[in-house]
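Have a look at the structure below before the remarks.
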Amino acid sequence: MTEATLRVWRGDRDGGAFEDYTVPTDEGMVVLDVIHKVQELRAPDLAVRWNCKAGKCGSCSAEINGAPRLMCMTRMNTFDPGEPITVSPIKAFPVIKDLVSDVSFNYEKAKTIPAFAARPKEADGTRRMYQEEVERVQEFHKCIECFLCQDVCHVIRDHDENKMAFSGPRYFVRLAALEMHPLDANDRMELIRAKQGLGFCNITKCCTEVCPEHIKITDNAIIPLKERVVTEFYDPLAWAKRRVFGRSGRGLPPAAAPGPSSPHSREPEPPSA
Amino acid sequence: MAADYGTRMATTAGVTRGTVTTQVERPDRWWLEPVAIVSVLGLFVLYSAWAGLVNAHYYSEPYLSPFYSPCITSSCPHVTFGVPFVGDWWGFSPAVFIVGFPLVFRLTCYYYRRSYYRAFFWAPPACTVPDARAKYAGETRFPFILQNLHRYTWYLAVPIWAILTYDAVLAFIFPTPDHTGFRLGVGLGSLIMLANVAFIGLYTFSCHSCRYLCGGYLDRFRGAPIRYRLWNTVNRLNTRHGLFAWLSLFSVGLTDLYIRIVSMGWLVDPRIVF
């Protein structure tokens, strides 16, 4: 049996400091196991949020040696013996106690996104979607809402004043899943540009780097959304095409029966080329 | 390593909250990437500016430097397509007319944006390392809002790649010793130019805007099989867009350097002429 020393941040909204804890460790442990050892042997009042211990619930997000990670997916054998290991709460959100942060910012942002609204049924009374169409959005549904991407995003991490105008990468993944859904009828383009603050993203890809589900957030969600926003608001040829030919579909079948009405319903728009 | 971990209050989306303000320093050498990018991009910009303005040693038959292609002034030793669009009155380097097209394509490229926002603007210099500036507006204001026109720079980049490919084909056609005819052959310069257009092609056609224009704008691929296949192909290339960005940058610079030193007589181009 070996020992490990963790520098764990202890405190609450009024402030705090790092405290060192040395505890015995076993082979195969992850950082969350060692935190539980600290709770068991040294600090029973240490607050930590966790649930599945399998990298699927997204509860145990923290910053380990300054890097946003899931504690349950960070193996202790990735550190050199004797290497100091710092564990602190995710920085972009306020501390409640010790390693537990208040992530309600994210839930507030989630409320601002119009939900899925089904397209009208086809002529035969069905709604169909095909494997090649859903494959693209399936990637986005792997999100476990650990909010590590939100934490690492410098737009809100370093600029608190942007929180009103910027929703963050997790919600661009959500928006991409909805916007690219073959059966969704809502139009969120103006919302994405003006209210969700897509233009704040300067695609430095930190969100992609920290995603424990390996979702290509920047390449597959944010950049395609940026391109759609360009078509809608910045591309003069697309604008001219709309003026001359009107809006045309993005490969969408003609509707035969009315679906659920929505204030955001739209006919999607192809680019200029 | 770490200092006090203070809190402050802010109001976001109607929720009163405190925000952690103290930075825990990353123990790794995060600064290596921005230093490397500044060094490589800085060196490339300096070299390409010098090479583009020096107006000499950019052609060694049948090789034309990519910095000067298409060569459209009558002063060019090898006028592309044989038709000079600019007459003798132009006394400066013909590269001036061309260099802007690939430059804006790379400048607005999503991959290069990631690189130079990190390395030059320090916004942020590395993940979890704080931004250098107190205020940040991203690409919502001038001039960065112009990044939204990247697809137009792609429209410009495609014909430039086509012309460079034409140059690469010409690089396999050598003059006879008495300059009365031409023969097929292959030289080291031919292969370098071929590799250069291959890398530039991979970079150009793995572009995020290209992926979108090929079919990324569709919500439904059924009924658009060609666009789906195109999108799928570009999608696969796109995963290596960053690699192609660097390979094509190096290949452009090295192709010019090779042609330059052959033109200056510092090196004899090894070639086999049939």
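Nothing here was measured: the structure is a model prediction, and the numbers come from that model. Each chain gets a letter, A, B and so on, in the order its sequence line appears, and its residues count up from 1.
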_Using side-chain heavy atoms (C-beta onward) and a distance below 4.5 Å, is Pro225(B) in contact with Glu132(A)?_
no
*Rounded to the nearest 0.5 Å, how far does CG of Leu218(B) lie from CD of Glu133(A)?*
9.0 Å
_NZ/Lys97(A): more than 12 non-hydrogen atoms of other groups inside 6.0 Å_ = yes
_Heavy-atom pairs under 4.5 Å with chain A, option from Pro124(B), Gly215(B), Cys214(B) with the top count_ = Pro124(B)
*Sub-4.5 Å side-chain heavy-atom contact between Leu198(A) and Glu139(B)*: no
*Is chain B contacted by the side chain of Glu135(A), its backbone, both, or neither, given a heavy-atom distance below 4.5 Å?*
side chain
*asked:* Under 4.5 Å from any heavy atom of chain A, what part of Ala134(B) do you find: side chain, backbone, both or neither?
replied: backbone
*Looking at CZ of Arg113(B) and OG1 of Thr204(A), how far apart are the two atoms once the value is rounded to the nearest 0.5 Å?*
11.5 Å
*asked:* Take a 6.0 Å sphere around CD1 of Ile226(B) and say whether it holds more than 12 heavy atoms from other residues, nucleotides or ligands.
replied: no
*Under 4.0 Å between a Lys/Arg side-chain N and an Asp/Glu carboxylate O for Glu122(A) and Arg222(B)?*
no
*Which residue out of Val229(A), Val155(A), Thr218(A) racks up the most heavy-atom pairs below 4.5 Å with chain B?*
Val155(A)
*Per the side chain to side chain contact (heavy atoms under 4.5 Å, CB included) rule, which among Val230(A), Ile223(A), Thr231(A) passes with Tyr212(B)?*
Thr231(A)
*chain B heavy atoms under 4.5 Å from Glu161(A): which part of the residue, side chain, backbone, both or neither?*
side chain
*Considering the options His208(B), Arg211(B), Arg151(B), which one meets the side chain to side chain donor-acceptor pair (under 3.5 Å) requirement together with Glu227(A)?*
Arg151(B)
*Whether over 12 other heavy atoms sit under 6.0 Å from Phe97(B) CZ*: yes
_For the interface with chain B, which of Arg193(A), Arg128(A), Lys216(A) has the highest count of heavy-atom pairs at distances below 4.5 Å?_
Arg128(A)
*Of the listed residues (Ile145(B), Asp28(B), Leu149(B)), which shares the most heavy-atom pairs with chain A below a 4.5 Å separation?*
Ile145(B)
*asked:* Just verifying a value: how many Å separate Met180(A) CE and Arg220(B) CZ, rounded to the nearest 0.5 Å?
replied: 16.0 Å
*Between CG of Asp219(B) and CZ of Arg119(A), what distance do you get to the nearest 0.5 Å?*
7.0 Å
*Sidechain N-carboxylate O distance under 4.0 Å for Arg114(B), Glu209(A)*: yes
*For chain A, which of Ala123(B), Gly223(B), Ala137(B) has the most heavy-atom pairs under 4.5 Å?*
Ala123(B)
*What is the minimum heavy-atom distance between Asp131(B) and His154(A), and which atoms define it?*
OD2-ND1, 2.8 Å
*Trp30(B) atom CH2, over 12 foreign heavy atoms within 6.0 Å*: yes
_Trp231(B) to Arg136(A) - nearest heavy-atom pair and separation_ = CZ2-CD, 3.6 Å
*What's the spacing between Phe200(A) CZ and Thr140(B) OG1 if we round to 0.5 Å?*
4.5 Å
*If every non-hydrogen atom of Ile203(A) is compared with every non-hydrogen atom of Tyr110(B), which pair is closest and at what distance?*
CD1-CD2, 3.2 Å
*Taking the side chain as C-beta and beyond, is there a heavy-atom pair between Gln147(B) and Lys226(A) under 4.5 Å?*
no
_pair Tyr152(B)-Leu237(A): side-chain heavy atoms closer than 4.5 Å_ = yes
_Please determine whether side chain to side chain contact (heavy atoms under 4.5 Å, CB included) holds for the pair Arg157(A) and Cys127(B), giving the CA-CA distance in whole Å, both sets of side-chain angles, and the decisive distance to 0.1 Å._
CA-CA 10 Å; Arg157(A) 181 184 177 91; Cys127(B) 301; over 6 Å; no
*Shortest non-hydrogen separation from Thr128(B) to Pro68(A) and the atoms involved*: CG2-CD, 3.4 Å
*Nearest heavy-atom neighbours spanning Val129(B) and Asp158(A)*: O-OD2, 4.1 Å
_Interatomic spacing from OH in Tyr136(B) to CG in Asn202(A) - rounded to 0.5 Å_ = 3.0 Å
